[in-house]
Amino acid sequence: MVQTILTRLATSLLVILGASVLVYCIMYLLPGDPVLLMLDPSSATPEMIQNLRVQLGLDQPFYIQFANYFGDMLRGDFGKSMINSDPVLPKILEHFPATLALTALSSIIAITIGITLGVLSAIYRNGVIDFIARLVGLFGISMPTFWTGILLILLFSVQLGWFPAMGSDGFSSLVLPAATLGLVGAGFIVRMVRNSMLEVVNEPFIVALRAKGLSQRTIMYGHALRNALIPAVTVIGMLIGDLLAGTVVVETVFSRQGIGRIIADALMAKDLPVVQGVVFFTAIIYVVLNLLVDISYAYIDPRVRRAVRT
């Protein structure tokens, strides 16, 4: 098991490195000059522009810029914003709790709705509950997050006045953006759990359990669900990482101050250190989540433990 975890860690480091290189290359090739965004074009002289470019290291070749920047990140120095010279890492850590709270509540909503409807849909196949579950799954997968967020704002903020439409003040302002992301995630989980349960209920061991006289509840929740959780856990682990990435759109729609808004503003200003810092930070979280998912397989399914030992 330890060897498996170390192998996953080595692979994860390559993923983080690849993500950093890719984003750095994209930002480097985008049109526009960050130096001109920092200075007033009407009053900046060519000497001022060149001096600032040298000060920021933008006069050096691409590979030297990337090597210096990535080396600093490995030492925990994410650099400073090109726009206001604020340190990047403290800025990320300041806004990350808001994004973490949004992701956590969204995940709870998605997992609760997804697993519950997925199991009930498999148990009452072709019934009313199955129809509702498939409708939720289709809605969650098909609807863009920004459109779902706007619909929730119109209904629960404008029409009913139950929740604030924008802001980051308290739990009430968290409900609508979390529901927006949660409904999207629930759509994927419902379909995965339903399909997995339908495959498991036809396995020979389920037939044997029915022959022993076990109740339907015990068979479904005590045996079938546990065996159907492996693909569902994979989707949930990837979903949490996707929810972190999806906060860019949702935090913009609901005007929340999180790392999603930070990276959106940084992309508009071509603030490379901020964009790269946020990507590097979220890539680490995403990789850790997937590593935890891999480890959880051994605890959910005994067959995985036996395969690892052999």
Side-chain angles (χ1 to χ4, degrees), residues 99-167 171-201 220-221 224-225 228-256 258 260-261 264 286 289 293:
T99 300
L100 182 62
L102 175 58
T103 303
L105 185 57
S106 304
S107 302
I108 292 173
I109 294 174
I111 293 171
T112 302
I113 296 177
I115 292 181
T116 302
L117 287 182
V119 173
L120 294 176
S121 177
I123 295 175
Y124 304 102
R125 185 179 182 184
N126 298 325
V128 176
I129 296 180
D130 186 24
F131 174 78
I132 295 174
R134 285 187 288 177
L135 188 63
V136 170
L138 180 63
F139 178 84
I141 293 175
S142 304
M143 296 294 286
T145 52
F146 72 88
W147 183 248
T148 304
I150 293 173
L151 290 179
L152 293 181
I153 289 175
L154 291 175
L155 177 60
F156 293 103
S157 295
V158 178
Q159 297 295 329
L160 300 177
W162 290 358
F163 304 101
M166 298 180 180
F171 180 79
S172 60
S173 64
L174 185 64
V175 174
L176 291 185
T180 301
L181 289 174
L183 288 174
V184 174
F188 289 94
I189 297 176
V190 164
R191 294 169 66 92
M192 180 60 67
V193 173
R194 180 181 183 274
N195 294 335
S196 299
M197 286 289 292
L198 290 177
E199 291 179 2
V200 171
V201 295
M220 287 297 175
Y221 293 99
L225 179 59
L229 275 181
I230 288 291
V233 167
T234 303
V235 171
I236 291 171
M238 297 177 61
L239 173 64
I240 295 175
D242 291 340
L243 290 179
L244 279 172
T247 57
V248 175
V249 176
V250 172
E251 287 178 353
T252 302
V253 171
F254 290 93
S255 296
R256 290 184 56 83
R261 282 294 300 276
Y286 195 91
L289 287 173
V293 168

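Note that this is a predicted model, so its numbers are computed, not measured. Throughout, numbering of the chain's residues begins at 1 and tracks the sequence. No hydrogens, no waters, no symmetry mates; every other heavy atom, side chains included, goes into these values.
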From L155 atom CG to L160 atom CG, the distance as rounded to the nearest 0.5 Å = 5.0 Å
OG1 of T180 to CG of L152, rounded to nearest 0.5 Å, is 4.5 Å
Just grab all the salt bridge (Lys or Arg N to Asp or Glu O under 4.0 Å) pairs involving residues 126-152, residues at least two apart or on different chains.
-> D130-R134, D130-R194
Counting N and O atoms only, with roles assigned by atom type, does the side chain of S157 sit under 3.5 Å from a partner on the main chain of F163, one being a donor and the other an acceptor?
-> yes
Restricting to side-chain contact (heavy atoms from CB on, under 4.5 Å), what partner residues turn up for [X], sequence neighbours left out?
{"X": "I109", "result": "L105, I113, A178"}
{"X": "L154", "result": "I150, V158"}
{"X": "L138", "result": "S142"}
{"X": "V190", "result": "L117, A133"}

If you look at every heavy atom in [X] and [Y], which pair is closest and at what distance?
{"X": "I189", "Y": "I115", "value": "CG2-N, 3.8 Å"}
{"X": "T148", "Y": "L183", "value": "CG2-CD1, 4.3 Å"}
{"X": "A186", "Y": "A110", "value": "N-CB, 3.6 Å"}

Test ring-ring contact (aromatic ring centres under 6.0 Å, His included) applied to F156 - qualifying residues, sequence neighbours left out | W162
Would you mind reporting whether L151 and W147 have side-chain heavy atoms less than 4.5 Å apart?
-> yes
